[in-house]
Amino acid sequence: MRILVTGGTGFIGSHTVVELQQAGYNVVIADNLINSNIEVLDGIENITGVRPAFEKVDLTDITATKEIFKKHKDITAIIHFAALKAVGESVGKPLEYYGNNINSIINMLTCMREFDVRNFVFSSSCTVYGQADVLPVTEQTPKKKAESPYGNTKAICEDIMNDFAFAENQFKMIALRYFNPIGAHPSSQIGELPNGTPNNLIPYITQTVAGIRKELSVFGNDYNTPDGTPIRDYIDIVDLAKAHVTAIQRLIDNKNKSNIEYFNIGTGTGVSVLELIETFEKATGRKVPYKITARRAGDIEKIWADTTFANRELGWKAEVPLSESLLNAWKWQEKLGSLKL
Ligand code: UDP
């Protein structure tokens, strides 16, 4: 039994490979390395003692994708992470985003059918909820129109999975809707490797504290929240990785209640940008230089997860405290040094 992890050298993928291997699964990673680094395999091996099989493949190439399944005949499940993911970039490059993210999922599902692989876990996002009218969001919260081509690819991929699951009900699928993944492996062997100037809050903070960036811009303090800054649900990367192991196990054990299921993967707690900075400073003993600037276009005001369904059905719960996730993110940054990525 082997799990195909697409995008397995990326931030979430690499942490998931570690948890899968530690749970006893064999893994093959498929990644084109456009947004990740082959050295990640060393980090995975250092933590687990096992170097996962690796295939450098562009998953929009159906012929090359089929070769993975011909070579690794023991693949029984797929976790599909591989995708372009920069929200801002997607606005300027919609065809690249739709082309990559939609074609690759269609190719994965096509291979599932051709090679009779029945279990599929997809990395979706809370972006599908947009600014929900009622908080926290449950899996039944209505989806809203996406703010960016990137967000729209997640919504479209969920629709494709849904229609495929309806048409061919021998296939079992789970979409995990992530909230805001943060942190790094506590060993500091793997972590986030942002490409160029980080868009996300935590890598921007750690790079600022490391002296790579001058100061953090806090995008707006005039939101309708207690301190005026936006609220998110920050989920530790190892907790998030473990959710994938429970999802895979659920499918393999046939414990799923329908052949497509959706789960919110968050902590259930909302944290503002200023609260997050304060927690980072306390956890690391480092000051975060910041200034308040204008709002960032497309940002929603507040969102956090109702995790009741995931807690009950997956038997999974976020466990790592925010301060620990932030400390791990900082330790990882220290390991990278002041190297400009
Ligand atoms: N944010 C910020 N400065 C930054 C990056 C992010 O103030 O340099 C804020 C952003 O407005 C949002 C939160 O941090 O409220 C999380 O942003 P991120 O891009 O990490 O994730 P998002 O929830 O937007 O996908």
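Both ligands and their constituent atoms are indexed starting at 1 by order of listing. Along the sequence shown, residues are numbered consecutively beginning with 1. For clarity, every value in this text was computed on a predicted model and none was experimentally measured.
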Select one of side chain, backbone, both or neither to describe which atoms of [X] lie under 4.0 Å from any atom of ligand 1, heavy atoms only.
X	answer
S217	backbone
N199	backbone
V87	neither
L201	both
Y234	side chain
R296	side chain

query = Do R295's NZ or CZ and the ring of Y223 fall within the cation-pi criteria of under 6.0 Å and 45°?
reply =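 Positive - R295 is close enough to the ring of Y223 and near enough to its axis.
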inquiry  = Heavy atoms only: which of Y223, F179, F219, Y178 lies closest to atom 4 (C) of ligand 1?
reply    = F219
query = Considering L274, I292, V273, T197, which one's heavy-atom position lies nearest to atom 9 (C) of ligand 1?
reply = V273
message = If we count only N and O atoms by modelled type, under 3.5 Å, do the side chains of N101 and T153 hold a donor and an acceptor together?
response =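 T153 and N101 do have a side-chain donor-acceptor pair below 3.5 Å.
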ask   = Going by distance alone, is a donor N or O of one side chain under 3.5 Å from an acceptor N or O of the other, for N195 and N35?
value = yes
query = Between Y129 and N264, is a side-chain hydrogen bond (donor to acceptor under 3.5 Å, both in side chains) present by the stated rule, with each step listed?
reply = CA-CA 11 Å; Y129 300 120; N264 283 344; 2.6 Å; yes
query = Short N/O distance, under 3.5 Å, between Y204 and ligand 1?
reply = no
ask   = Based purely on interatomic distance, does V218 place a nitrogen or oxygen under 3.5 Å from a nitrogen or oxygen of ligand 1?
value =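 It does not: no N or O of V218 is found under 3.5 Å from an N or O of ligand 1.
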Among protein heavy atoms, which sits nearest to [atom], and what does the distance come to when rounded to 0.1 Å?
atom	answer
atom 18 (P) of ligand 1	N200 ND2, 3.5 Å
atom 22 (P) of ligand 1	N180 ND2, 3.6 Å
atom 23 (O) of ligand 1	R232 NE, 2.6 Å

ask   = Which ligand 1 atoms does D299 reach within 4.0 Å, using its non-hydrogen atoms?
value =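 Those qualifying, in numeric order: 10 (C), 11 (O), 24 (O).
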Proximal atoms of ligand 1 relative to L216 (non-hydrogen, under 4.0 Å) = 3 (N), 4 (C), 8 (O)
inquiry  = The test is salt bridge (charged side-chain N to carboxylate O under 4.0 Å, His left out); show your working for K71 and E55 and say whether it passes.
reply    = CA-CA 10 Å; K71 185 167 165 191; E55 302 294 339; 2.8 Å; yes
task = Could you check if a side-chain atom of W330 sits within less than 4.5 angstrom of a side-chain atom of R286, using non-hydrogen atoms only?
result =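 The answer is yes, as the side chains (C-beta and beyond) meet within the 4.5 Å cut-off.
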H15 side chain to H185 backbone, donor-acceptor under 3.5 Å =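 Flag set: sc H15 to bb H185 pair under 3.5 Å.
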query = Passes salt bridge (charged side-chain N to carboxylate O under 4.0 Å, His left out), D42 versus R51? Steps please.
reply = CA-CA 7 Å; D42 299 334; R51 194 170 188 85; 2.8 Å; yes
message = Before you tell me yes or no, could you show the steps for T138 and D306 under side-chain hydrogen bond (donor to acceptor under 3.5 Å, both in side chains), namely the whole-Å CA-CA distance, both residues' side-chain angles and the distance that decides it to 0.1 Å?
response = CA-CA 5 Å; T138 72; D306 181 327; over 6 Å; no
request  = Would you mind telling me which of L4, T6, V17 makes a side-chain contact (heavy atoms from CB on, under 4.5 Å) with V28?
outcome  = L4
